[in-house]
Amino acid sequence: MEDFMKLVRERYSERRFDRSREVESEKLAQLLEAARLAPTACNDQAWRIYVLGGQSGEQTTRAATRSYFHAPLHLLLCAVDDQAWRRSTDGFSTADIDIGIVGTHIVLAAEAQELKSCIICAFDPDVLRKEVPLPAEVRPVMLLAIGYPSERSAPGPRHSVRKSLDELVRSV
Ligand SMILES: Cc1cc2nc3c(=O)[nH]c(=O)nc-3n(C[C@H](O)[C@H](O)[C@H](O)COP(=O)(O)O)c2cc1C
């Protein structure tokens, strides 16, 4: 548990990647395996990942988001809404929750491999669709910027701002 809490405490959103250092294919494979093992509602696994690397990845992410931080690798996490579990009482879909959990697995797997990451949702899905050949049934939800930290790496100002458990948790 100590190791896990250290990992969780030391994680922060990276916005200053080392532009010159690629993510090794073995490490990428571990990130994708961590994603594959993530739980999803009813085990429906209604998600797909598009690996955006190299120059075309840079072009795509630069075009689609202002949150471009020169990461050498981006993963685009998409929902397949038709395949996601829905609650029978009100039709609520767990598609985006599933993506959030898959994304968290990747973020922590990155951290465990001395990589850093930034979750990015502030992107234009229409621009992404122009740049990446996504099937119509696949909906882009989250971008993950991944890479090694640069020498200037530091947590952003919001990182240390956390509410207390007293504010967040209620015993009923
Ligand atoms: C769902 C989600 C969407 C986010 N989208 C963006 C984004 O578009 N751009 C960005 O720079 N950071 C984004 N972030 C990072 C948050 O701003 C960051 O996690 C938060 O400020 C806490 O800082 P920390 O991750 O360093 O602890 C996102 C985080 C989450 C969980």
Side-chain angles (χ1 to χ4, degrees), residues 1-19 23 27 31-32 34-35 37-41 45-53 57-81 84-85 92-132 134 138-169:
M1 189 59 185
E2 250 175 57
D3 287 351
F4 179 72
M5 290 310 293
K6 184 170 185 292
L7 187 117
V8 168
R9 280 205 184 89
E10 290 181 358
R11 183 216 58 83
Y12 56 83
S13 294
E14 183 58 79
R15 296 185 180 90
R16 294 167 185 172
F17 288 97
D18 182 342
R19 302 175 188 204
V23 174
K27 291 196 174 182
L31 299 179
L32 298 176
L37 297 177
T40 55
Q45 301 167 61
W47 55 269
R48 300 292 179 270
I49 292 180
Y50 291 77
V51 180
L52 312 177
E58 176 181 335
Q59 188 183 313
T60 300
T61 44
R62 264 185 194 278
T65 180
R66 292 206 325 216
S67 292
Y68 175 76
F69 308 118
H70 303 280
L73 172 68
H74 287 84
L75 301 180
L76 175 60
L77 278 57
C78 299
V80 188
D81 289 303
W85 184 81
F92 170 77
S93 167
T94 55
D96 292 348
I97 295 177
D98 290 340
I99 296 283
I101 295 168
V102 170
T104 305
H105 269 222
I106 296 171
V107 165
L108 296 180
E111 205 70 27
Q113 299 186 94
E114 282 151 24
L115 294 164
K116 302 294 287 179
S117 65
C118 188
I119 298 172
I120 299 165
C121 287
F123 59 76
D124 185 334
D126 295 335
V127 173
L128 271 182
R129 280 194 179 283
K130 278 188 199 129
E131 303 278 333
V132 187
L134 298 176
V138 164
R139 176 171 57 88
V141 177
M142 177 190 285
L143 269 169
L144 289 177
I146 298 167
Y148 286 95
S150 72
E151 282 174 5
R152 297 185 309 116
S153 171
R158 289 199 201 94
H159 172 69
S160 53
V161 184
R162 290 294 196 270
K163 292 175 181 164
S164 71
L165 285 177
D166 281 348
E167 281 180 271
L168 296 166
V169 181

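Indexing begins at 1, ligand by ligand and atom by atom, following the structure's order.
At distances below 3.5 Å, not a single donor-acceptor pair connects side-chain atoms of Thr61 with backbone N or O atoms of Tyr68. Between the Thr65 side chain and the Phe123 main chain, no donor and acceptor come within less than 3.5 Å of each other. A donor-acceptor contact shorter than 3.5 Å links the side chain of Asp98 to the backbone of Ala41.
Of all the heavy atoms of Ser13, the ones lying under 4.0 Å from any atom of ligand 1 are found in both the backbone and the side chain. At a heavy-atom distance under 4.0 Å, only side-chain atoms of Cys118, from C-beta outward, approach ligand 1. Heavy atoms of Arg15 found under 4.0 angstrom from ligand 1 belong exclusively to the side chain.
The protein heavy-atom contact nearest to atom 21 (O) of ligand 1 is Arg158 CB, 3.5 Å. Counting protein heavy atoms only, atom 4 (C) of ligand 1 is closest to Ile119 O, 3.5 Å.
Using 4.0 Å as the threshold, Arg162 has a heavy atom nearer than that to some atom of ligand 1. Contact between Gly156 and ligand 1 is absent, with no heavy atom of the residue lying under 4.0 Å from the ligand. Ligand 1 does not have Met142 within reach: every non-hydrogen atom of the residue lies 4.0 Å or more from it.
Contact atoms of ligand 1 toward Phe69: 11 (O) (distance under 4.0 Å to a heavy atom of the residue). If you number the atoms of ligand 1 from 1 as listed, the ones under 4.0 Å from a heavy atom of His159 come out as 23 (O), 24 (P), 26 (O), 27 (O). Atoms of ligand 1 found under 4.0 Å from any heavy atom of Ala122 (numbered from 1 in listed order, with element): 8 (O). Close approach to Tyr12 involves these atoms of ligand 1, each under 4.0 Å from a residue heavy atom: 26 (O).
By the 6.0 Å and 45° rule, Lys116 stacks over the aromatic ring of Tyr12.
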Salt bridge (Lys or Arg N to Asp or Glu O under 4.0 Å) between Arg139 and Asp96, worked out
CA-CA 10 Å; Arg139 176 171 57 88; Asp96 292 348; 2.8 Å; yes
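Between Val141 and Leu77, every side-chain heavy-atom pair lies at or beyond the 4.5 Å cut-off.
With atom 1 (C) of ligand 1 as the reference point, the heavy atom nearest to it among Ser67, Ser160, Cys121 is part of Cys121.
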